[in-house]
Amino acid sequence: MQHRTLLLFCSLMLVACSQQPAQLVLTAQSYGDVQFGTPLEEIETKLQQLAEPKIPAESCSYVTFANYADIRFMVEDGVVTRADAGESIANETGFSAGTNSADLLKANPQMKITPHKYEPESRYLILATPDGNNALVFEESGGLITKVRAGTEPAVEYVEGCG
């Protein structure tokens, strides 16, 4: 009997140890429990934490959540519309800041390419969802991805964020 109990305990521990939390991945529609196009209050309830800083309901601003490091969320009129990712944030394409933009384009030939608004040698690489409502936007300079953001149109393509 003692052997069976020990075997059961070891089996349960193996299962528990092998279940690592999934790495969060930025997609055109979401990051973790943050679904773009959702009111900030709903996201705060879902995450069980308040965004920082507290912002007025009728404005455009960026907020962060303690559970999500290295990513900022744009809120327009109380709705989360976009996320600007730091270098440590993975995205659904597998191509992050610092990687070769030619490889990204080769893997995603449907990307729209537009010139950068302020840097003539740079450009935006835009991977839209099939319905065109959301996108991943990669900023590219010198053949490398420099920034990544995702969200709803048109907010995801705002060059100056809330500007």
| query | Got a sec, which pairs hit salt bridge (Lys or Arg N to Asp or Glu O under 4.0 Å) with one end in residues 23-52, sequence neighbours left out? | reply | none

| note | For Lys106, the side chain to side chain contact (heavy atoms under 4.5 Å, CB included) test, sequence neighbours excluded, returns none

| note | Rounding to 0.5 Å, atoms CG (Leu104) and CG (Leu144) come to a distance of 11.5 Å

| field | Whichever hydrophobic residues join Tyr62 through chains of side-chain contacts under 4.5 Å | value | Met74, Tyr158

| Those residues that, when tested against Glu140, pass side-chain hydrogen bond (donor to acceptor under 3.5 Å, both in side chains) (two or more places apart) | Ser101, Arg123

| request: Determine, using the 4.5 Å side-chain heavy-atom cutoff (strictly less than), whether Ile55 and Leu50 are members of one ILVMFWY cluster. | output: no

| Are Val159 and Val137 grouped together when hydrophobic residues (ILVMFWY) are joined by side-chain heavy atoms under 4.5 angstrom apart? | yes

| remark: Sequence neighbours excluded, the answer for side-chain hydrogen bond (donor to acceptor under 3.5 Å, both in side chains) partners of Asp103 is none

| For Gln48, all residues meeting side chain to side chain contact (heavy atoms under 4.5 Å, CB included), sequence neighbours excluded | none

| Sequence-distant partners of Gln29, side chain to side chain contact (heavy atoms under 4.5 Å, CB included), two or more places apart | Thr27, Gln35, Thr129, Asn134

| Linking I/L/V/M/F/W/Y whenever any side-chain heavy atoms sit under 4.5 Å apart, do Ile113 and Leu127 land together? | yes

| Once you round to the nearest 0.5 Å, how far does CD of Glu76 lie from CG of Leu40? | 12.5 Å

| task | Under the side chain to side chain contact (heavy atoms under 4.5 Å, CB included) rule, collect the residues that match up with Thr99, sequence neighbours excluded. | result | Phe95, Ile145

| request: Output all residues satisfying side-chain hydrogen bond (donor to acceptor under 3.5 Å, both in side chains) with Glu139, sequence neighbours left out; order by chain, then residue number. | output: His116, Arg149

| request: List in chain and number order the residues that pass ring pair (Phe, Tyr, Trp, His ring centres under 6.0 Å) with Phe36, two or more places apart in sequence or in another chain; answer none if no residue qualifies. | output: none

| said: Distance check, rounded to the nearest 0.5 Å: Thr64 atom OG1 versus Ile71 atom CD1? | reply: 11.0 Å

| Residues Lys117, Tyr124; criterion side chain to side chain contact (heavy atoms under 4.5 Å, CB included); working and verdict | CA-CA 9 Å; Lys117 184 173 180 177; Tyr124 303 105; 4.0 Å; yes

| task | Report the C-alpha distance between Asn67 and Gln49 in whole Å, list the side-chain angles of each, state the deciding distance to 0.1 Å, and finish with yes or no for side chain to side chain contact (heavy atoms under 4.5 Å, CB included). | result | CA-CA 9 Å; Asn67 288 354; Gln49 65 178 277; 2.7 Å; yes

| Can you tell me how far CE of Met111 sits from CG of Leu125, rounded to the nearest 0.5 angstrom? | 5.0 Å

| task | To the nearest 0.5 Å, tell me how far Ser61 OG sits from Asp77 CG. | result | 12.0 Å

| task | Hey, could you give me each pair passing ring pair (Phe, Tyr, Trp, His ring centres under 6.0 Å) that has a residue in residues 69-90? Not counting sequence neighbours. | result | Phe65-Phe73

| said: Would you compute the distance between atom CG of Leu136 and atom CG of Asn108 and round it to the nearest 0.5 angstrom? | reply: 9.0 Å

| query | Do Arg82 side-chain atoms and Ala155 backbone N/O form a donor-acceptor pair below 3.5 Å? | reply | yes

| Which residue pairs satisfy the side-chain hydrogen bond (donor to acceptor under 3.5 Å, both in side chains) criterion with at least one member in residues 86-97, sequence neighbours excluded? | Asp70-Ser88, Asn91-Thr93

